[in-house]
Structures are given as C-alpha cells and as structure tokens.
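Written below as structure tokens is the structure these notes are about.
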Amino acid sequence: MSEQRDRILTRACDLFLHHGLEGLSMRKLAKDVGVTAPALYRHFGGKEELLLAVAGEAYNLFSQYLFASLRGSTPLERMRLAANAYLDFALEHSRYYEVLYLAPRVLGLEAFPDDLGGKACAIGQFWVDRTREMMDAGLMKEGDPHAVSMTMWAHAHGLVSIYLRGMLLKSEEEFRRFFVESGRRMMKGLGTEALAEAIEALERERLEALTA
C-alpha cells in the first residue's frame with residue numbers, strides 16, 4: 001500500500017470514529033490529508049468504497065499479526081503467540097481494532113461484501129483451529145472448539161474494549177500484565193492438568209532466564 005493511501009485510510013478511520021458516518025466527507029478528508037478531492041476520488045469511488053477499504057485494511061493488518069503466530073512449534077506456543085499478537089494489534093492499532101467489530105449498518109451498509117466477510121470468517125476459523133489443536137493435544141478440555149474459541153474471544157475483546165475506552169485506570173504496561181493474568185485465570189478453567197503443568201514450566205523458565 002502506498003504511503004498516500006495509507007495516510008488516507010488512517011485519517012478516514014480517525015474521522016469516522018470521532019465524528020461518525022455523517023462527519024466523514026470526502027472533501028474534508030481530502031483537505032486533511034493535503035490532496036484535492038479529485039485526487040482522492042482516483043483512489044476511492046466514494047465514501048462507501050473508502051470505508052470498505054478501511055475495514056479491509058483493518059482485517060489485513062490483523063491477519064498479519066495473527067498468522068505470524070503459526071511459526072510456533074507446538075499448539076501451546078501457537079496459542080500463546082496468537083494471544084500476544086491479538087493484544088499487540090489492539091494496542092498498536094486501536095483505531096483499526098475498533099473498526100473490526102462494527103456492524104455493517106454502522107458503516108452505512110446493509111451487509112459486508114463477500115471478500116470482507118471472507119476475511120472475518122478466516123480470522124474466526126483461525127481461533128477455532130488454535131482451540132481444536134489445544135484440545136487434540138490434551139491441553140484443553142474436550143468441547144465444541146467454535147463455542148470455546150468464542151468464549152475466549154469474548155473475554156479478550158471485553159477487556160480490550162474496556163481499556164481502550166479509558167475505563168481501566170492502568171498504564172499500557174499494567175494493562176498488558178492484567179490481560180495476561182486474566183487470561184491465565186480463564187485458561188485454568190478451560191484447560192487440563194497438562195496445560196497447568198505446561199504453564200508452570202514456562203513460568204519457571206521465564207524466572208530462571210531473569211535470574212541467570
């Protein structure tokens with residue numbers, strides 16, 4: 001993506017989140033990013049196309065964060081890396097994070113086009129796959145991977161949303177620790193004894209590395 005297009009999408013996201021659909025105009029956006037309105041229309045045919053591009057960029061960037069976790073060599077490592085990637089994306093790209101979970105009508109659409117819906121489904125399937133392989137490895141209790149992954153997402157999304165709205169009086173570093181600790185409490189309920197032992201082993205390794 002070109003630097004100018006990136007600047008346009010970022011500013012469009014800001015205007016939309018702060019002023020809503022009615023507060024985002026192509027003319028105002030063009031002025032804010034320092035281009036002419038005709039130049040803006042060379043990138044996007046109108047406001048609807050622009051907002052779809054913003055949502056598409058949010059999903060693309062989020063996917064890059066998440067799928068990098070597949071470099072992990074075990075189900076537990078992949079799940080841990082994915083959880084860290086989720087939090088990193090939410091805090092480093094909070095504007096795009098908010099756009100990810102907006103209903104189509106908020107963007108002035110009746111429904112998302114197939115390509116955008118496909119991106120959302122791919123991310124959902126990513127979490128189902130991570131959950132299923134944890135169950136297959138005996139690290140999480142048997143159950144419906146889709147339902148369990150939704151439970152974990154609801155926990156993570158709830159915490160992040162509360163933090164981004166300024167409802168938790170914590171620094172980013174404090175919130176990161178809180179997020180991890182809360183996730184561990186949840187996983188104790190969903191996990192098996194094997195998971196508890198694996199987490200304890202990882203914690204021992206971390207402490208040994210700090211004191212080495």
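Both backbone and side-chain heavy atoms feed into the values below; hydrogens, waters and symmetry mates do not. All values derive from a computational prediction rather than experimental measurement.
With hydrogens and angles disregarded, a donor-acceptor distance shorter than 3.5 Å links the side chain of Ser69 to the backbone of Leu66. Looking only at distances, a side-chain donor or acceptor of Arg71 sits under 3.5 Å from a matching main-chain atom of Ala68. Of the possible polar contacts, one joining the Glu77 side chain to the Ser73 backbone as a donor-acceptor pair under 3.5 Å is found. Under a 3.5 Å cut-off, the side chain of Lys47 and the backbone N or O of Leu24 do form a donor-acceptor pair.
Between Leu50 and His43, the closest side-chain pair of non-hydrogen atoms is not below 4.5 Å. Residues Met152 and Met187 meet the side-chain proximity criterion, which asks for heavy atoms closer than 4.5 Å. Contact check for Thr131 versus Met140: side-chain heavy atoms found under the 4.5 Å cut-off. Leu76 is listed as a side-chain neighbour of Leu202, based on a closest heavy-atom distance under 4.5 Å. Using a 4.5 Å heavy-atom threshold, the side chains of Ser182 and Leu159 count as touching.
Across Ala83 and Trp127, no two heavy atoms sit closer than the pair N-CH2, 4.1 Å. Scanning all heavy atoms of the two residues, the minimum distance from Val160 to Ala90 falls at CG1-CB, 3.6 Å. Across all non-hydrogen atoms, the minimal contact from Pro104 to Ala111 is CB-CA, 3.8 Å. Glu174 and Leu169 get closest at one heavy-atom pair: OE1-O, 4.3 Å. In plain terms, the two heavy atoms of Ala156 and Tyr86 that are nearest each other are CB-CE2, 3.9 Å.
Interatomic distance, Leu40 CG to Asp32 CG, rounded to the nearest 0.5 Å: 10.5 Å. The OG1 atom of Thr192 sits 8.0 Å away from the CE atom of Met134 when rounded to the nearest 0.5 Å. Separating the CG atom in Leu29 from the CZ atom in Phe16 is a distance of 13.0 Å, to the nearest 0.5 Å. We find the CG-CD distance between Asp129 and Gln125 to be 4.5 Å, quoted to the nearest 0.5 Å. Atom NZ of residue Lys31 and atom OG1 of residue Thr36 lie 14.0 Å apart, to the nearest 0.5 angstrom. Rounding to the nearest 0.5 angstrom, the gap separating the CZ atom in Arg176 from the OG atom in Ser171 is 10.5 Å.
Between Arg177 and Glu173 there is a salt bridge, with a side-chain nitrogen of the basic residue lying less than 4.0 Å from a carboxylate oxygen of the acidic one.
Applying the side chain to side chain donor-acceptor pair (under 3.5 Å) test to every pair with at least one member in residues 143-152, sequence neighbours left out, gives no pairs at all.
When hydrophobic clusters are built by joining Ile, Leu, Val, Met, Phe, Trp and Tyr residues whose side-chain heavy atoms come closer than 4.5 Å, directly or via intermediates, Val35 is grouped together with Leu51. Residues Leu52 and Ile123 fall within the same hydrophobic cluster, defined by Ile, Leu, Val, Met, Phe, Trp and Tyr side chains chained together at heavy-atom separations under 4.5 Å. Under the 4.5 Å side-chain heavy-atom criterion for ILVMFWY residues, a single connected hydrophobic cluster contains both Leu116 and Tyr65. Residues Leu164 and Leu61 share a hydrophobic cluster, clusters being chains of Ile/Leu/Val/Met/Phe/Trp/Tyr side chains in contact below 4.5 Å. In the hydrophobic cluster analysis, where Ile, Leu, Val, Met, Phe, Trp and Tyr join through side-chain heavy atoms closer than 4.5 angstrom, Val33 is grouped together with Val99.
Applying the side chain to side chain donor-acceptor pair (under 3.5 Å) criterion to Tyr101, with sequence neighbours excluded, gives Trp153.
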Report the C-alpha separation of Glu48 and Leu109 in whole Å, then their side-chain angles, then the decisive distance to 0.1 Å, and conclude whether the side-chain contact (heavy atoms from CB on, under 4.5 Å) test is met. CA-CA 8 Å; Glu48 179 178 309; Leu109 307 170; 3.3 Å; yes

Please assess Glu110 against Arg105 for the test salt bridge (charged side-chain N to carboxylate O under 4.0 Å, His left out), listing each intermediate value before the final yes or no. CA-CA 6 Å; Glu110 292 186 5; Arg105 59 178 176 77; over 6 Å; no

What verdict does the salt bridge (charged side-chain N to carboxylate O under 4.0 Å, His left out) test give for Arg95 and Glu98, after you've listed the backbone C-alpha separation in whole Å, the side-chain angles of each residue and the deciding distance to 0.1 Å? CA-CA 5 Å; Arg95 295 171 299 212; Glu98 291 191 53; over 6 Å; no

Tell me, with the steps shown, if Phe126 and Phe67 meet ring pair (Phe, Tyr, Trp, His ring centres under 6.0 Å). CA-CA 8 Å; Phe126 171 89; Phe67 284 96; 5.0 Å; yes

Derivation of the side-chain contact (heavy atoms from CB on, under 4.5 Å) call for Met135 and Val148: CA-CA 10 Å; Met135 290 178 178; Val148 175; 3.7 Å; yes

Would you check, one step at a time, whether the test side-chain contact (heavy atoms from CB on, under 4.5 Å) holds for Leu70 with Arg130? CA-CA 9 Å; Leu70 296 179; Arg130 302 288 70 70; 3.6 Å; yes

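Around the CE atom of Met150, the shell of radius 6.0 Å holds no more than 12 heavy atoms that belong to other residues, nucleotides or ligands. In the displayed structure, Asp115 atom CG is contacted under 6.0 Å by more than 12 heavy atoms of other residues, nucleotides or ligands.
The aromatic ring centres of Phe62 and Tyr96 sit 6.0 Å or more apart. Aromatic rings from Phe89 and His93 are positioned such that their centres are separated by under 6.0 Å. Taking the ring centroids of Phe112 and Tyr59, they lie at or beyond the 6.0 Å cut-off.
Residue Tyr163 forms a ring-ring contact (aromatic ring centres under 6.0 Å, His included) with just one option from Tyr97, Phe178, Phe175, and that option is Phe175. Screening Ile8, Leu9, Leu15 for a side-chain contact (heavy atoms from CB on, under 4.5 Å) with Arg11, the sole residue that qualifies is Leu15.
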